[in-house]
Amino acid sequence: MKGRALLMIPGPIEFEPEVLQALGAPTTSHVAPVFIDAFGRALERLREVWQCPSGQPFVVAGSGTLAMELAGANLIEPGDRALVVSTGVFGDRFEDLLSRHGARVTVLRAPVGEIVSAADIDAELGRERYKLVTVTHVDTSTGVRMDVSRLGEISHRHGTLAVVDGVCSVGGEELRQELWQLDVVLTASQKAIGVPPGLALLVASPRALEAFGARRRPVGSYYADWTKWLPVMKAYESRTAGYFGTPAVNLVAALDVSLGQIVSEGMETRWARHALLARAFQAGVDSLGLMQVPSKPAQRAHTLSACYAPENIEVPTLLQEVQSAGVTVAGGLHPEIRTRTFRVGHMGAVRAADVLATLGALETGLRRVGHRFDVGVGVAAAQRALVS
Ligand code: PMP
């Protein structure tokens, strides 16, 4: 019997064996030709995955929060105005982070499960002169997906930079940085990018770099300063070594492998796979009689599902039962709904079989905690979505 549970949380996810092999390979020098090659190729592949040939990729050791910091620290100067569009915990984190860098922050905060409309963003950007606006593409605390396809155009009309937190979207949700004129799209390695936690990833547009170049004051964070990292990224991409802080050699090697897999699957195919698997899983949850946090099905993420547990059921007990049935899912995160919700990740290497197994384990757990439903309806609804 397989000795471990299937990991279906919204990051870290299950990783491909080739990626883990690269991670476990003997560590090379960070100036070894083989590593220079892997880093250079990973940077090129980042542009492909982000769909941003003109962008400048950054790969820095740290988590997704460092990627947020790389955007905020380099683009904000004390006194600048920033607009934060918040659809959950990670929007709120950006408010905190940008304030720490001296920004005067205004927040457009959606009620839990809702989005902020493009019209409201447009109107607010017209009210004040904002240096940047941040939007969380998929907020992992609510499972809500924002439409960011017009964000760049709207922002630029007001002379504002568009920053997208894509930590729970890049590599899983349709995202076309250059076509959509997004100035920064950031993520971390452990979600749909398919590499264990430890890398902050970001692509900056020429417009973002221009704004950075026009700064009047040095960047407040030493480690996050693009001045330090730009020469390093340029060096590796032109196949020479650079140094500011020692690169996470094994993680970068694993990133190269994973991005190679993503590019060979093809972005359109990958986005469609995530959309199909999400549709199937979410159809299963609906038919089990559970509510989902996003108020509109069209705004449900393709990378994770945030679901309400049945009334009067303790979420930790339910999750323990699901775990005993062989699948690990996550508890709630958003403070307003934490105790009533659970979250299931379905991104990266996920397959139809994983979605069916997860619904099977969820049915077992729900049965054991006393929820009433016809056994098999969740799995059947997902299966119908998969084969139709
Ligand atoms: N933004 C979003 C949307 C996230 O889901 C997360 C992590 N769950 C973060 C930012 C922060 O990333 P990390 O935990 O890697 O610092």
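Whatever order the structure lists ligands and atoms in, that order sets their numbers, starting from 1. All residue numbers refer to positions in the sequence shown, counting from 1. Just so it is clear, the structure is predicted and the values come from calculations on it, not from any experiment.
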Decide yes or no for V293 and Y308: does some side-chain heavy atom of the first lie under 4.5 Å from some side-chain heavy atom of the second?
-> yes
D92 versus R109: any side-chain heavy-atom pair under 4.5 Å?
-> yes
More than 12 foreign heavy atoms under 6.0 Å from CD of E314: is that the case here?
-> no
Look up atom CD1 in I313 and atom CG in L290, then write down how far apart they are to the nearest 0.5 Å.
-> 8.5 Å
Check each protein residue for a heavy atom under 4.0 Å from ligand 1 and list those that pass, ordered by chain and number.
-> S63, G64, T65, M68, F90, R93, T136, V138, T140, D165, V167, Q190, K191
Show your reasoning for whether salt bridge (Lys or Arg N to Asp or Glu O under 4.0 Å) applies to R150 and D122.
-> CA-CA 10 Å; R150 290 185 48 231; D122 198 347; 5.1 Å; no
Heavy-atom distance under 4.5 Å between the side chains of F39 and P247, does that happen here?
-> yes
